[in-house]
Amino acid sequence: MRIYDTMARTRIALDLPHNRVIRVFVCGPTVQDNFHIGHARTYIFFDAFVKYLRTSGYRVFYLQNITDIDDKIIDRANAEGVSYDVISRRYTEEFHIIMSRLRVDSVNFFAHATDHIAEILAQISILIRKGIAYETDDGVYFDISKFPDYGKLWGQNPDTLLSSSDTSATKKNPRDFAIWKKMKPGEPYWESPWGKGRPGWHIEDTAITDRYFGPVYDIHGGGMDLIFPHHDAEIAIERSISGKDRLVDYWIHTGMINVNDEKMSKSLKNFVTIREVLRSYGAEDLRFALLNANFSSSLNYSESLLQEARRNVSQISILYNKVLLKLGDSAKYRMDYDMISSLNSIVRDNMDFRGLFRDVIKLVGSWNADLEHLGKDELNQAYSVLKWVDSFAGIIRKGSSDVTVSGTVELLLNIRKDLRTIKQYQLADSIRSRLLEMGVYIEDNGSDTAWWLNSAEGGDDS
RNA sequence: GGAUAGGUGGCAGAGCGGUCAUGCGUGGGACUGCAGAUCCCAUCUAAUAGGGUUCAACUCCCUACCUAUCCUCCA
């Protein structure tokens, strides 16, 4: 496999061991507000990435942090007149709901910053003892002059950086970053040897990864915008403590979502929330749209992007459901088809899901062309190929797995089939339209009828 | 100013030194009780600008211009 690695600044061989668990860490969200499709892009990509590794036979432990204490959370809490943890709990819950609706379910463990204060304090102590961090009136800071490689991930020459806008006068260097922030009146706090306060952002992640993965692990991911200073700070902290020559073997960063060629962000008020999108589109549509691009390129968001994705998703899903209908109980998922291994070679090169989709759509077209003449083996191949793609991409809309729902739908469809046979079209059509209203999409193909749950059924808008 | 990624047809977006993907869109046809879906054919005939290398450049090199991101919290 090959992957674009941020540190190497080029595509490099991704050599992962089969004989042990691969440790993957991806920066999770700060739970302070609703989530937008920029979040969706990153978490859907890593979801597909991890699932792809698992489908390919690797064992992966996927760890994600949740930043549940932070200045912005406090600001929000103050604005609403509630305690900070009301905010963090609300949006943590929201995060999990949204992720599950997006079929993002590959994370093994979510580590909350506030559950790891002890580990954070331990790291700060070591840094102070080594003379790498120092205490001031308002916190404990990491002295970047003690870590020559600072900025290396983003390829910055420290002298050429634009001067920092941070005016805090207590720091030795304006670019020194806080690893502990002392409490101001009214703020939430934890006890520490340096007084009451809360952790800085960067050290949360190193404390967490050090605890579960140790000083060096396999893959670290996140959005492009976290490269500097966040990931460089993580490197500085952990390597200063461990003395190792690296923090991880591979750095993988996802590109930003743009709107009208500008980054989606709160300040520009151009962000689209995931909930908004899910009101009109299915999770599969969004997944397709976001995966249908080079993961490290920025992606321009537009309504037509989603519409095109929905069309492709429908095309693939409809064929999948038709094939499944023809195969019935004899469908048998096999991964040893040559067709899968050739598609596999596309994905292996830099997680090229876009290239994969392109070829899958071509295949779908060819299967559609002579669907009536496909033999059992060919049908099973089509079924297996699509199931394999769906196992990590998550782009196929399927019938309900709920036995009661599917049983009821099958019953209605059988009745409708009889009605059509005796040309009672009015009744048959009314069943069709009633089912559609209930979110069940059906499609006649000769005397057979394929069905699935319509993705655009909307959702709770709470 | 520095770093990074780019500038391809109506849109999205690949690859490749010489035969210009693919998807969407658009037009026509087939199929169908209807809807939908699907298929076939056609259409669009592109490469920021200026140099250079070459028998040949969209593809390599140089210059200019332009765009986005990061250098402050950010997926």
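All heavy atoms count here, side chains included; hydrogens, waters and symmetry mates do not.
- For RNA chain B, the stems formed by at least three consecutive Watson-Crick or G-U pairs, with both atom-pair distances below 3.5 Å, span B:1-7 with B:65-71, B:10-12 with B:22-24, B:25-30 with B:38-43, B:48-52 with B:60-64.
- When the C1' atom is compared between B:A68 and B:A21, the two are found 26 Å apart, to the nearest whole Å.
- In terms of polar N and O atoms assigned as donor or acceptor, the side chain of A:Asp444 comes within less than 3.5 Å of the base of B:C34 in a complementary pairing.
- If you take OH on A:Tyr62 and CZ on A:Phe46, they are separated by 7.0 Å, rounding to the nearest 0.5 Å.
- Taking the P atom of each, B:C58 and B:A49 are spaced 11 Å apart, rounded to whole Å.
- Residues that satisfy the ring-ring contact (aromatic ring centres under 6.0 Å, His included) test with A:Phe109, not counting sequence neighbours, are A:Tyr212.
- Side-chain proximity of A:Arg9 to B:G25, B:C70, B:A3: nearest is B:A3.
- On the P atoms, B:U54 is 47 Å away from B:U72, given to the nearest whole Å.
- Here, B:U69 and B:G52 have their C1' atoms 32 Å apart, quoted to the whole Å.
- With hydrogens and angles left out, the side chain of A:Asp429 and the base of B:G33 share a donor-acceptor pair within 3.5 Å.
- Checking B:G23, B:A75, B:U4 against every side-chain atom of A:Trp154, the shortest atom distance belongs to B:U4.
- If you look at A:Tyr141 and A:Phe177, their ring centroids are not closer than 6.0 Å.
- By the salt bridge (Lys or Arg N to Asp or Glu O under 4.0 Å) test, A:Lys146 pairs with A:Asp143, sequence neighbours left out.
- Phosphate proximity of B:G25 to A:Arg311: present, with a side-chain N or O under 4.0 Å from OP1 or OP2.
- Look at the C1' atom in both B:C60 and B:G25: the space between them is 35 Å, to the nearest Å.
- Scored by the salt bridge (Lys or Arg N to Asp or Glu O under 4.0 Å) test, A:Arg41 finds no partners at all (sequence neighbours excluded).
- Between the P atom of B:A5 and the CG atom of A:Leu299 lies a distance of 18 Å, rounded to the nearest Å.
- Contacts of A:Leu371 with the nucleic acid, taken as non-hydrogen atoms under 4.0 Å apart, are absent.
- B:G17 and B:A30: their C1' atoms are spaced 42 Å apart (whole Å).
- Between the CD1 atom of A:Ile318 and the C1' atom of B:C39 there is a distance of 14 Å, given to the nearest Å.
- Using a 4.0 Å cut-off, some side-chain N or O of A:Lys263 falls inside it from OP1 or OP2 of B:C70.
- In this structure, A:His202 atom NE2 and B:C73 atom C1' are separated by 10 Å, rounded to whole Å.
- Dashed line: the shortest gap from a side-chain N or O of A:Tyr425 to OP1 or OP2 of B:A35 is not under 4.0 Å.
- Taking atom P in both B:G23 and B:A75, one finds a spacing of 37 Å when rounded to whole Å.
- One interatomic measurement links the two molecules: CG of A:Asp225 to C1' of B:A68, which rounds to 13 Å at whole-angstrom precision.
- The separation of B:G7 from B:U59, taken at their C1' atoms, amounts to 15 Å, rounded to a whole angstrom.
- Distance NE2 (A:His230) to P (B:C71): 13 Å, rounded to an integer number of Å.
- Base contact: A:Gly38 has a heavy atom under 4.0 Å from a base atom.
- You'll find the ring centres of A:Phe228 and A:Tyr150 inside the 6.0 Å limit.
- Residues A:Tyr43 and A:Val26 are in side-chain contact: their nearest non-hydrogen atoms beyond the backbone lie under 4.5 Å apart.
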Check residues 360-371 of chain A and write down every donor-acceptor pair under 3.5 Å in which the side-chain atom is one partner and the other belongs to a residue at least two apart or another chain.
unit_1, atom_1, unit_2, atom_2, d
A:Ser366, OG, A:Leu363, O, 2.8
A:Asn368, ND2, A:Val364, O, 3.3

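- Judged as a salt bridge (Lys or Arg N to Asp or Glu O under 4.0 Å), and not counting sequence neighbours, A:Asp115 has no contacts.
- In terms of polar N and O atoms assigned as donor or acceptor, the side chain of A:Arg358 never comes within less than 3.5 Å of the base of B:G13 in a complementary pairing.
- Between the CG atom of A:Asp359 and the P atom of B:G15 there is a distance of 13 Å, given to the nearest Å.
- No N or O donor and acceptor, one from the side chain of A:Arg175 and one from the base of B:C71, sit under 3.5 Å apart.
- Atoms CZ (A:Arg41) and P (B:A68) sit 17 Å apart, rounded to a whole Å.
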